[in-house]
2 protein chains.
Amino acid sequence: MEQIQNIENYLTNVGIKPSYQRMKIYEYLIENMNHPTVEMIYKDLSPHIPTLSKTTVYNTLKLFVDKEITQIITIEDTEARFDADTSTHGHFKCIKCGKIFDFSFDKTNLNIKQIENFDIQQTHLYIKGICENCKNIDKKNN
Amino acid sequence: MEQIQNIENYLTNVGIKPSYQRMKIYEYLIENMNHPTVEMIYKDLSPHIPTLSKTTVYNTLKLFVDKEITQIITIEDTEARFDADTSTHGHFKCIKCGKIFDFSFDKTNLNIKQIENFDIQQTHLYIKGICENCKNIDKKNN
DNA sequence: TTTATAATTGTAACAATTACAGAAATGGAA
DNA sequence: TTCCATTTCTGTAATTGTTACAATTATAAA
Ligand SMILES: [Mn+2]
Ligand SMILES: [Mn+2]
Ligand SMILES: [Zn+2]
Ligand SMILES: [Zn+2]
């Protein structure tokens, strides 16, 4: 209710006309910070917005990315994931359970010499491996 | 000539039967460290191997990745890129000229707390922006 | 040479994404 | 209100990167 009100103002402030679909999709993104795919967003919102088209999900996300209120996570090469948290932070993907975890890192002391005169606009750190929970499950089974 | 000989031995050592196609594709990867796409590899090798199939390029790259002599670079969400340098190193993509630059970074001082008990297998650092050359071109035009 | 196995090829299938044209909604001006 | 222009949304078709699969070809041992 009030959340929607906030979203409406927020979208307006960044120059996006707050249509019902756009508000619902943005609301979904901030309530589900688990880096959803287009498919997940569409599947979950369809019951509540029966007329929703997958094209609208694609168009809306592209608009959000253009206006820089959403970032694309390409940690897997199969399909894109979306994140309403546009701050620079890292992503860990567990190859066992598939879950994607956020983590923060210090990009100031990366000490990168080769590109020090380059103009940096986006920094993405992707780490793959096995999360603590899956590690413990593995231990038990051995 | 001799290069091919080395590649033949190298592939054999990592457990890959060195067919002509596989040797040529691996040779292409180490001679073109510009992180080619499947399309680039296929286009460039086709004239020299007229019977080459794009499926063979896909199959061969998957085999190289499985045997860990090649890594997949997913810096763009459109198509996969391949890198015969499997060491942990960063990639910078210039959004003007599209070129992808390698750089080294010290992953030890990233200071990541949230995933310190996780089992890390791969680390990918992708940075996007404008390279020095394109920056200078921009300056001249303003 | 025969025969089994592995590698390659070409086509079809698939899945994610984009293009596009028509329908619906929106927001003034008359 | 009605009319009209513009924007947004929708559904389908097209496109693109990738994978599945069956048939062909190459390889190598018996
Ligand atoms: Mn995130
Ligand atoms: Mn590289
Ligand atoms: Zn896990
Ligand atoms: Zn450049």
Side-chain angles (χ1 to χ4, degrees), chain A residues 4 7-8 11-12 14-28 35-67 69-83 98 100, chain B residues 4 7-8 11-12 14-28 35-67 69-83 98 100:
Chain A
I4 287 283
I7 290 172
E8 184 166 0
L11 292 182
T12 304
V14 297
I16 295 173
K17 211 169 283 183
S19 72
Y20 183 66
Q21 287 86 342
R22 287 167 177 178
M23 286 192 290
K24 280 298 190 184
I25 291 171
Y26 193 73
E27 181 187 49
Y28 183 89
H35 316 92
T37 63
V38 166
E39 190 63 29
M40 290 160 74
I41 299 170
Y42 177 73
K43 277 266 173 61
D44 290 350
L45 286 182
S46 275
H48 306 107
I49 317 169
T51 63
L52 183 66
S53 164
K54 201 178 279 186
T55 301
T56 299
V57 180
Y58 275 104
N59 290 341
T60 302
L61 290 170
K62 188 194 285 284
L63 181 66
F64 289 172
V65 171
D66 284 350
K67 298 291 183 180
I69 63 169
T70 295
Q71 65 168 320
I72 305 179
I73 306 300
T74 60
I75 196 167
E76 9 199 5
D77 51 342
T78 46
E79 57 188 330
R81 291 175 168 272
F82 296 86
D83 194 346
I100 293 177
Chain B
I4 288 282
I7 289 173
E8 185 166 358
L11 292 182
T12 304
V14 297
I16 295 173
K17 210 169 284 184
S19 73
Y20 182 67
Q21 287 87 340
R22 288 168 176 176
M23 285 192 288
K24 278 298 187 183
I25 291 170
Y26 193 73
E27 181 187 49
Y28 183 89
H35 315 93
T37 63
V38 166
E39 191 63 29
M40 290 160 73
I41 299 170
Y42 178 71
K43 277 266 173 59
D44 290 350
L45 286 183
S46 274
H48 306 106
I49 316 168
T51 64
L52 184 66
S53 164
K54 202 179 277 187
T55 300
T56 299
V57 179
Y58 276 105
N59 290 341
T60 302
L61 290 170
K62 188 192 286 283
L63 180 67
F64 288 173
V65 171
D66 285 350
K67 297 293 185 179
I69 62 169
T70 297
Q71 65 169 321
I72 305 179
I73 306 299
T74 60
I75 195 167
E76 12 200 2
D77 51 340
T78 46
E79 56 188 332
R81 291 175 167 271
F82 296 86
D83 194 345
I100 293 177

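Quick note on labels: first sequence line is chain A, next is B, and so on, each numbered from 1.
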Novice: Can you tell me how far C1' of D:dT8 sits from CG of A:L11, to the nearest Å?
Specialist: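 Distance, rounded to whole Å: 14 Å.
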Novice: Report for the helix from C:dT1-D:dA30 to C:dA30-D:dT1: angle between first-end and last-end helix axes, five pairs each, rounded to 10 degrees.
Specialist: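 Comparing the first five pairs with the last five, the axes sit 0° apart.
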Novice: Tell me the interatomic distance from A:L63, atom CG, to C:dT18, atom C1', rounded to whole angstroms.
Specialist: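 My rounded result for the distance is 16 Å.
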Novice: Is any side-chain heavy atom of B:I75 less than 4.5 Å from a side-chain heavy atom of B:I100?
Specialist: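 Sidechains of B:I100 and B:I75: in contact.
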Novice: With heavy-atom distances below 4.5 Å as the criterion, would you say the side chains of B:M23 and B:E8 are in contact?
Specialist: yes
Novice: Minimum heavy-atom separation for A:L52 to A:Q21, with atom names?
Specialist: CD1-CG, 4.0 Å
Novice: Measure CE/A:M40 against P/C:dA15 and give the value in whole Å, please.
Specialist: 18 Å
Novice: Measure from CG on B:L61 to P on C:dA7 and round the result to the nearest Å.
Specialist: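 For the pair B:L61 CG and C:dA7 P, the rounded distance is 16 Å.
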Novice: In a table with atom names and distances, give each donor-acceptor pair under 3.5 Å that connects a side chain of residues 76-83 of chain B to protein atoms at least two apart or in another chain.
Specialist:
| residue | atom | partner | partner atom | Å |
| --- | --- | --- | --- | --- |
| B:E76 | OE1 | B:K93 | NZ | 2.6 |
| B:E76 | OE2 | B:R81 | NE | 2.4 |
| B:E76 | OE2 | B:R81 | NH2 | 3.1 |
| B:R81 | NH1 | B:H35 | O | 2.5 |
| B:D83 | OD1 | B:D85 | N | 2.9 |
| B:D83 | OD2 | B:H35 | NE2 | 3.1 |
| B:D83 | OD2 | B:H89 | NE2 | 3.0 |
| B:D83 | OD2 | B:H91 | NE2 | 3.0 |

Novice: Tell me, for nucleotides 9-22 of chain D in 5' to 3' order, what letter each nucleotide earns: B for a base near a protein heavy atom under 4.0 Å, S for only sugar-phosphate near one, - for neither?
Specialist: SBBB----SBBBB-
Novice: With sequence neighbours excluded, tell me which residues meet side-chain hydrogen bond (donor to acceptor under 3.5 Å, both in side chains) with A:K54.
Specialist: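 Partners of A:K54 by the side-chain hydrogen bond (donor to acceptor under 3.5 Å, both in side chains) criterion, ordered by chain and then number, come out as A:E39.
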Novice: Between C:dA15 atom P and A:R81 atom CZ, what is the distance in whole Å?
Specialist: 17 Å
Novice: Less than 4.5 Å apart, any side-chain heavy atom of B:Y26 and any of B:I16?
Specialist: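 Side-chain contact under 4.5 Å: no.
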Novice: I'd like to check the side-chain hydrogen bond (donor to acceptor under 3.5 Å, both in side chains) partners of A:Y28; sequence neighbours left out, ordered by chain and number.
Specialist: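 Once residues adjacent in sequence are excluded, the partners of A:Y28 under the side-chain hydrogen bond (donor to acceptor under 3.5 Å, both in side chains) criterion are A:D44.
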Novice: Under 3.5 Å, side-chain donor or acceptor atoms of residues 56-66 of chain A against the rest of the protein: list the pairs with distances, not counting sequence neighbours.
Specialist:
| residue | atom | partner | partner atom | Å |
| --- | --- | --- | --- | --- |
| A:N59 | ND2 | A:T55 | O | 3.4 |
| A:T60 | OG1 | A:T56 | O | 2.6 |

